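Proteins get letters first, then strands, A, B, ... in listed order; numbering begins at 1 in each. Because the structure is predicted, anything quoted here is derived from the model rather than measured.
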Number of protein chains: 2
Amino acid sequence: MATVKDLFRDYLGKHGLKVTRQREIILEGFMGSPSHLSAEELYLRLRKDHPNIGYATVYRTMKLLADSGIASERHFGDRQTRYEPNTSDDHHYHLICNSCGRIIEFEDPKIEDLLQQTASDHHFTLSHQRLELYGLCPDCQAR
Amino acid sequence: MATVKDLFRDYLGKHGLKVTRQREIILEGFMGSPSHLSAEELYLRLRKDHPNIGYATVYRTMKLLADSGIASERHFGDRQTRYEPNTSDDHHYHLICNSCGRIIEFEDPKIEDLLQQTASDHHFTLSHQRLELYGLCPDCQAR
DNA sequence: GATAAATTGAACATCATTTTCATTTCAATT
DNA sequence: AATTGAAATGAAAATGATGTTCAATTTATC
Ligand SMILES: [Mn+2]
Ligand SMILES: [Mn+2]
Ligand SMILES: [Zn+2]
Ligand SMILES: [Zn+2]
């Protein structure tokens with residue numbers, strides 16, 4: 001089984017980049033954390049066990065994880081870029097509570113088809129898509 | 001006919017805000033410019049005819065236009081907030097070329113229904129949604 | 001026109017992210 | 001295992017979009 005670690009090492013090797021202690025620590029920390037974390041949030045978590053890891057290195061490495069296809073960048077309401085691991089069974093969309101920040105993921109092949117169809121209609125080659133629904137979750141409505 | 005100018009004046013009045021020369025200039029400039037402009041881009045355009053209008057005032061006024069429902073904020077790939085006038089026949093989505101930045105607008109009631117349905121399934125009350133497709137436009141593919 | 005409240009513009013502050021650069025680490029080679 | 005050149009690191013400074021401050025000005029009301 002090609003572990004994520006192997007994938008990352010592969011990517012680094014093929015791009016003349018080096019496997020470093022920090023990169024491995026950050027990858028592990030990322031995979032072992034809740035999803036949709038920002039670089040800063042991950043940095044703060046890592047810090048506990050690895051007080052010597054630099055802020056900039058976390059930013060740089062998250063970018064590498066995105067480039068290598070291991071992570072996806074997400075942009076929700078706030079100003080921060082968030083990351084989540086890419087699963088093999090690909091994309092899902094997000095339903096986000098304006099009040100408590102809860103994030104619910106959902107898939108919908110019908111929507112996917114319609115989007116793909118729209119792109120084709122306009123002779124566009126799709127690279128990626130962004131789809132988020134914002135509102136109030138049931139809990140937050142009950143107030 | 002309630003012109004946009006009237007709408008804005010109304011909004012200002014009802015909120016204890018004042019109608020100022022700058023606000024009128026900015027509104028006019030906004031309505032007379034291509035859509036999806038950032039505050040800075042608008043500022044640079046306005047500057048030609050009105051060299052004395054301040055940067056901060058444009059930012060502040062764009063926010064007011066959004067609050068008053070005259071404009072909508074958009075966030076595409078880059079870091080900037082963009083604005084577009086709200087039309088009466090409501091929302092559309094965007095197809096954006098990664099290479100030349102061309103923006104194509106489209107509507108799709110079927111997608112809209114599916115999204116609303118998804119929100120209902122999760123007992124969410126929707127406030128707004130974001131849907132963008134990124135890719136290469138036909139022109140940029142031909143290279 | 002006097003008055004109080006709101007607005008303006010310039011400069012400065014903020015916040016996430018990026019860049020710089022001296023030092024350290026990696027990996028290929030002897 | 002030592003050498004070595006390239007890449008990476010961390011701390012600090014830079015950046016870029018946007019927000020805030022505040023003295024001076026403008027607006028709406030009396
Ligand atoms: Mn997700
Ligand atoms: Mn539009
Ligand atoms: Zn909630
Ligand atoms: Zn294009």
**Q.** d(NZ, Lys63(A); P, dT17(C)) in whole Å
**A.** 8 Å
**Q.** Donor on one side chain, acceptor on other, His94(A) and Glu132(A), under 3.5 Å
**A.** no
**Q.** Net bend of the helix from dG1(C)-dC30(D) to dT30(C)-dA1(D), end axes of five pairs each, nearest 10 degrees
**A.** 30°
Q) Which atom pair, heavy atoms only, marks the closest approach of Leu131(A) to Leu133(A)? A) CD1-CD2, 4.3 Å
**Q.** Rounded distance in Å - CG (Asp78(B)) to C1' (dA16(C))
**A.** 15 Å
Q. Quick one: are the ring centres of His91(A) and His128(A) less than 6.0 Å apart?
A. no
Q: Could you check how far CZ of Arg9(A) sits from P of dC26(C), rounded to whole Å?
A: 12 Å
Q.
Quick check on DNA chain C: between Arg60(A) and Tyr55(A), whose nearest nucleotide comes earlier from the 5' end?
A. Tyr55(A)
Q. For Thr81(A) and Glu73(A), what are the C-alpha separation, side-chain angles and deciding distance, and is it a side-chain hydrogen bond (donor to acceptor under 3.5 Å, both in side chains)?
A. CA-CA 6 Å; Thr81(A) 299; Glu73(A) 296 193 353; 5.0 Å; no
Q | Ile53(A) CD1 - dT25(C) P separation (whole Å) | A | 13 Å
**Q.** Separation of Tyr43(A) OH from Glu40(A) CD (nearest 0.5 Å)
**A.** 9.0 Å
Q.
Can you confirm whether or not the ring centre of Phe106(A) sits under 6.0 Å from the ring centre of His92(A)?
A. no
**Q.** Members of residues 25-52 of chain A that approach DNA chain C, where some heavy atom sits under 4.0 Å away
**A.** none
Q) Between atom CE in Met62(A) and atom P in dA16(C), what is the gap in whole Å? A) 16 Å
Q.
Expressed as a whole number of angstroms, how long is the span from Leu17(B):CG to dA5(C):C1'?
A. 11 Å
Q. So does Lys63(B) pair up with Asp67(B), basic N to acidic O under 4.0 Å?
A. no
Q) Looking at the side chain of Lys18(B), which of dA4(C), dC26(C), dG9(C) is the nearest nucleotide? A) dA4(C)
Q. Hey, what do you get for CG (Leu95(B)) to CD1 (Ile104(B)), rounding to the nearest 0.5 Å?
A. 5.0 Å
Q. OP1 or OP2 of dC26(C) sitting under 4.0 Å from any side-chain N/O of Thr20(A)?
A. no
(Q) At a heavy-atom distance below 4.0 Å, which nucleotide of DNA chain D is the first touched by chain B, and which is the last? (A) dA17(D) to dA28(D)
Q: Measure the spacing between CZ of Arg47(B) and CG of Leu42(B) and express it to the nearest 0.5 Å.
A: 12.5 Å
Q) Choosing from dT17(C), dA6(C), dT19(C), which nucleotide comes nearest the side chain of Arg79(B)? A) dT17(C)
**Q.** Test item: side-chain donor near acceptor, Gln117(B) and Asp113(B), under 3.5 Å
**A.** no
(Q) Any salt bridge linking Arg45(A) with Asp49(A)? Criterion: basic side-chain nitrogen under 4.0 Å from a carboxylate oxygen. (A) no
